[in-house]
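For clarity, every value in this text was computed on a predicted model and none was experimentally measured.
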Amino acid sequence: MKPLEERTRWSEGAPPRHWGVALAIVVVAVSLGTQPAISGDAAQDAQPSTTTGRVRPLDFVKSSVSQVLAAVRSRPATSSESAQRRAEIRRVADGFFDFNEMARLTLSRHWSAQSPEEQEEFVRLFTALLERSYLSTIENYAGERISFLSESINGTYAQVSSRITTNRRVEISIDYRLIERGDRWAVYDVVLDSVSLVSNYRSQFNSIIRTSSFADLLSRLRNKQIEAHVIPRVGRVP
């Protein structure tokens with residue numbers, strides 16, 4: 001199995017496909033569908049966990065998505081209820097994604113050059129950027145259908161494949177890349193139609209650091225000058 005940096009590698013010179021969608025795919029990862037579905041064949045073929053008693057990657061992803069869907073379905077009547085719903089979505093996302101690993105992979109070779117304090121601040125700001133993205137997009141995909149297709153495990157890495165089907169029968173493939181963290185799994189990247197979320201951010205951040213500085217990147221993140229892309233309603237009936 002290749003290192004995480006290689007598994008998320010994407011040529012910096014390559015034009016990003018579905019740029020806005022790929023940058024916000026974390027939203028789709030936790031906000032789609034009615035009741036999540038998984039085919040019987042995929043359920044039978046899913047590989048068992050290498051650790052006794054640990055939740056398998058497919059079950060972990062499915063459970064996390066279901067929890068967010070439950071929060072999305074609760075329509076807030078007041079601002080306080082809306083705040084509670086967002087807090088619940090954040091709680092699930094914090095247990096679903098490994099934001100520290102995503103941040104490290106996004107900075108790639110620039111990570112080790114930063115002080116522990118700078119690394120900590122970057123993780124916090126990067127996590128906030130992702131949160132703004134998915135919290136702003138959740139409503140766009142309430143009611144669509146997501147099917148979980150398969151699971152594969154290779155040592156401490158795993159991948160769960162899924163597919164979104166909109167009400168206009170537009171299909172979008174989404175793969176979740178996971179890493180083993182102690183006795184549990186955590187998502188470190190999400191891939192939309194072969195385009196990596198981490199790779200997209202890496203390309204953008206690397207460009208800022210090369211043409212300016214890491215301090216400038218932090219400043220842009222602090223001042224929310226880096227856009228938190230929101231996924232449009234792909235293939236939905238108006």
Side-chain angles (χ1 to χ4, degrees), residues 4-5 8-10 12 16-32 64-65 68 71-72 82-83 85-141 174-179 186-192 195-234:
L4 292 190
E5 286 82 355
T8 59
R9 184 72 60 192
W10 186 36
E12 294 173 5
R17 297 192 301 119
H18 306 301
W19 174 254
V21 178
L23 287 182
I25 192 58
V26 68
V27 186
V28 178
V30 295
S31 65
L32 299 181
S64 299
V65 171
V68 173
V72 171
S82 178
R85 184 179 69 169
R86 290 193 166 213
E88 173 63 15
I89 293 170
R90 286 193 181 98
R91 183 191 67 77
V92 176
D94 286 344
F96 187 50
F97 296 98
D98 188 337
F99 288 118
N100 286 285
E101 190 64 40
M102 294 175 77
R104 187 185 69 81
L105 290 172
T106 300
L107 279 188
S108 188
R109 63 181 181 274
H110 301 293
W111 175 262
S112 60
Q114 314 312 320
S115 68
E117 293 75 19
E118 289 173 324
Q119 292 175 351
E120 182 179 355
E121 182 177 12
F122 176 77
V123 170
R124 177 174 56 80
L125 294 171
F126 180 65
T127 300
L129 175 65
L130 294 179
E131 286 184 345
R132 291 199 303 276
S133 180
Y134 70 71
L135 288 174
S136 299
T137 307
I138 280 176
E139 295 298 339
N140 280 356
Y141 274 86
I174 297 183
D175 296 330
Y176 303 83
R177 293 174 176 173
L178 302 95
I179 186 171
V187 173
Y188 70 86
D189 198 9
V190 185
V191 182
L192 169 70
V195 177
S196 160
L197 169 71
V198 167
S199 293
N200 272 282
Y201 272 124
R202 179 190 294 131
S203 178
Q204 183 182 11
F205 292 171
N206 184 57
S207 177
I208 294 173
I209 294 173
R210 284 190 306 160
T211 58
S212 182
S213 64
F214 179 75
D216 183 41
L217 173 61
L218 287 181
S219 177
R220 295 190 194 192
L221 287 169
R222 288 190 207 103
N223 297 317
K224 300 181 181 179
Q225 294 175 330
I226 294 178
E227 182 180 2
H229 292 269
V230 176
I231 300 175
R233 296 188 176 190
V234 178

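- With contacts defined as side-chain heavy-atom distances shorter than 4.5 Å, the pair Ile208/Arg220 qualifies.
- Put simply, NE2 on His110 and CD on Glu118 are 13.0 Å apart, with the number rounded to the nearest 0.5 Å.
- Distance CZ/Phe122 to CG/Leu217: 5.5 Å, rounded to 0.5 Å.
- Shown here for Ala186 and Asp98, the closest heavy-atom pair between the two residues is CB-CB, 3.8 Å.
- Annotation for Arg202 and Ser108: closest pair NE-CB, 3.7 Å, computed over non-hydrogen atoms.
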What's the verdict on side chain to side chain contact (heavy atoms under 4.5 Å, CB included) for Arg104 and Gln119, showing C-alpha distance, side-chain angles and the deciding distance? CA-CA 8 Å; Arg104 187 185 69 81; Gln119 292 175 351; over 6 Å; no
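- In terms of heavy atoms, Asp189 sits closest to Ser196 at OD2-OG, 2.6 Å.
- Side chain of Gln225 to backbone of Leu221: no donor-acceptor contact under 3.5 angstrom is found.
- Remark: Ser219 OG to Ile226 CD1 distance equals 9.5 Å, nearest 0.5 Å.
- Contact check for Tyr188 versus Val198: no side-chain heavy atoms found under the 4.5 Å cut-off.
- Ile209 is not listed as a side-chain neighbour of Ser213, based on a closest heavy-atom distance of 4.5 Å or more.
- Two residues are said to be in side-chain contact when any heavy atoms from C-beta on lie closer than 4.5 Å; Phe97 and Leu130 fail this criterion.
- Rounding to the nearest 0.5 Å places CH2 of Trp111 at 9.5 Å from OG1 of Thr106.
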Ring pair (Phe, Tyr, Trp, His ring centres under 6.0 Å) between Phe126 and Tyr201, intermediate numbers included: CA-CA 10 Å; Phe126 180 65; Tyr201 272 124; 5.3 Å; yes
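- A pairwise comparison of heavy atoms in Phe99 and Ala93 identifies CE1-O, 3.8 Å as the closest pair.
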Pair Arg109, Asn206 - check side chain to side chain contact (heavy atoms under 4.5 Å, CB included), show working. CA-CA 9 Å; Arg109 63 181 181 274; Asn206 184 57; 3.3 Å; yes
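- Here the side chains of Leu197 and Met102 are in contact, with some heavy-atom distance below 4.5 Å.
- Side-chain atoms of Phe214 and Leu107, non-hydrogen and from C-beta on, do get closer than 4.5 Å to each other.
- Inter-residue side-chain proximity for Gln204 and Asn200 is flagged as unmet; no heavy-atom pair is nearer than 4.5 Å.
- The shortest distance between side-chain heavy atoms of Leu218 and Leu125 falls below 4.5 Å.
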